[in-house]
Amino acid sequence: MNKRIPVLVLAQVAVLLAMEVMLSRFFSIATPVTKFSFAFVPLAICGALFGPVYGGIMGGLADLLGAILFPIGPYFPGYTLNNALHGVALGMALKEGRRKWWQLVLALVFNHVVVGVFLAALWGHMLTGNPYWAVAGARVVQTAVMAPVQFIIIGLMQRPVEKYSVFAQRYRLV
């Protein structure tokens with residue numbers, strides 16, 4: 001099984017990874033409990049163009065590189081897992097042939113409820129020692145704000161990403 005990854009695909013994923021790190025680390029609003037950011041956009045584009053495997057790898061690498069290059073707090077592998085799961089879920093929902101609104105809703109529910117509230121609250125509880133339900137309550141606020149924003153933005157970007165995907169396949173960029 002010697003399947004090679006095209007250099008152009010790696011270059012595109014690397015650019016999206018760099019965008020995700022920059023959006024997450026420098027162009028976000030962080031509170032003591034949660035963070036609001038548009039770092040999901042490059043992750044969703046990567047998932048839509050290359051699928052859940054690349055989305056998961058890019059999500060995990062983006063969190064790891066961001067923590068190494070631009071640390072905000074102590075590194076915790078649970079948040080890397082969260083970001084990888086975000087990429088996998090978006091890739092499963094947005095990969096070509098699966099771009100239905102209800103699949104996006106399922107991915108966002110998984111990302112925000114399972115990963116964003118329950119897992120992130122568990123990691124926050126483990127790191128800070130704050131009560132689990134207090135941390136989860138703050139994550140619910142983030143979910144209530146970001147889930148509709150993500151649904152609208154990803155919905156608006158689906159058409160341009162589909163057009164790029166057709167262009168990229170025609171000229172063998174993906």
Side-chain angles (χ1 to χ4, degrees), residues 16-52 54-67 70-95 98-128 130-161:
L16 290 168
L17 187 142
M19 289 172 54
E20 201 273 347
V21 169
M22 298 309 271
L23 287 171
S24 175
R25 299 295 170 164
F26 297 111
F27 300 102
S28 62
I29 299 169
T31 67
V33 183
T34 189
K35 181 170 72 168
F36 300 97
S37 132
F38 288 99
F40 67 90
V41 174
L43 198 55
I45 292 171
C46 182
L49 291 176
F50 306 113
Y54 283 100
I57 291 170
M58 189 196 116
L61 281 176
D63 186 74
L64 185 63
L65 287 174
F70 312 107
I72 295 173
Y75 172 73
F76 188 73
Y79 292 119
T80 303
L81 173 67
N82 282 11
N83 218 25
L85 289 174
H86 285 304
V88 169
L90 289 172
M92 290 177 72
L94 299 174
K95 182 64 181 149
R98 297 180 229 157
R99 296 177 179 145
K100 307 276 190 277
W101 68 270
W102 61 269
Q103 290 169 323
L104 176 59
V105 168
L106 285 177
L108 291 177
V109 165
F110 174 78
N111 278 347
H112 286 286
V113 175
V114 175
V115 177
V117 174
F118 293 116
L119 279 179
L122 177 64
W123 310 144
H125 165 69
M126 289 171 66
L127 280 173
T128 64
N130 292 336
Y132 175 82
W133 292 109
V135 178
R139 304 297 278 175
V140 168
V141 172
Q142 179 185 14
T143 295
V145 172
M146 289 304 293
V149 170
Q150 286 187 7
F151 181 78
I152 292 167
I153 290 176
I154 292 172
L156 289 174
M157 70 173 221
Q158 276 185 329
R159 187 80 172 141
V161 169

CD on Q158 to NZ on K100, rounded to 0.5 Å: 10.0 Å
Within-4.5 Å side-chain heavy-atom neighbours: M19 and I45: no
Side chain proximity check, L85 to L119, heavy atoms < 4.5 angstrom: yes
Aromatic ring pairing F40/F38, orientation class (parallel under 30°, perpendicular over 60°, tilted between): tilted
Separation of L65 CG from M58 CE (nearest 0.5 Å): 10.5 Å
Residue pair G124 / T128: nearest heavy atoms and the distance that separates them: O-OG1, 2.7 Å
Nearest-0.5 Å distance, CD1 of residue I29 to CD of residue Q142: 11.5 Å
Sole candidate of V135, V140, L122 that passes side chain to side chain contact (heavy atoms under 4.5 Å, CB included) when paired with V117: V140
Shortest non-hydrogen contact between Y79 and A120, atoms and distance: OH-O, 3.9 Å
Atom of E20, atom of A62 and distance for their closest heavy-atom approach: OE1-CB, 2.8 Å
Between CG on residue L104 and CG on residue L90, distance to nearest 0.5 Å: 7.5 Å
Full working for side chain to side chain contact (heavy atoms under 4.5 Å, CB included) between I57 and F50: CA-CA 11 Å; I57 291 170; F50 306 113; over 6 Å; no
Which atom of P52 lies closest to which atom of M92, heavy atoms considered: CB-CG, 3.6 Å
Test item: L94 and V161 side chains (from C-beta on) under 4.5 Å apart, heavy atoms: no
Side chain to side chain contact (heavy atoms under 4.5 Å, CB included) assessment of L81 paired with W123: CA-CA 11 Å; L81 173 67; W123 310 144; 4.3 Å; yes
Nearest atoms (heavy-atom pairs only) where H86 meets L43: CB-CD2, 3.8 Å
OH (Y132) with more than 12 external heavy atoms under 6.0 Å: yes
Closest non-hydrogen atom pair between S37 and S24, with its separation: OG-CA, 4.0 Å
Close side-chain approach of D63 and N82, heavy atoms under 4.5 Å: no
Side-chain heavy atoms of L16 within contact of Y54, under 4.5 Å: no
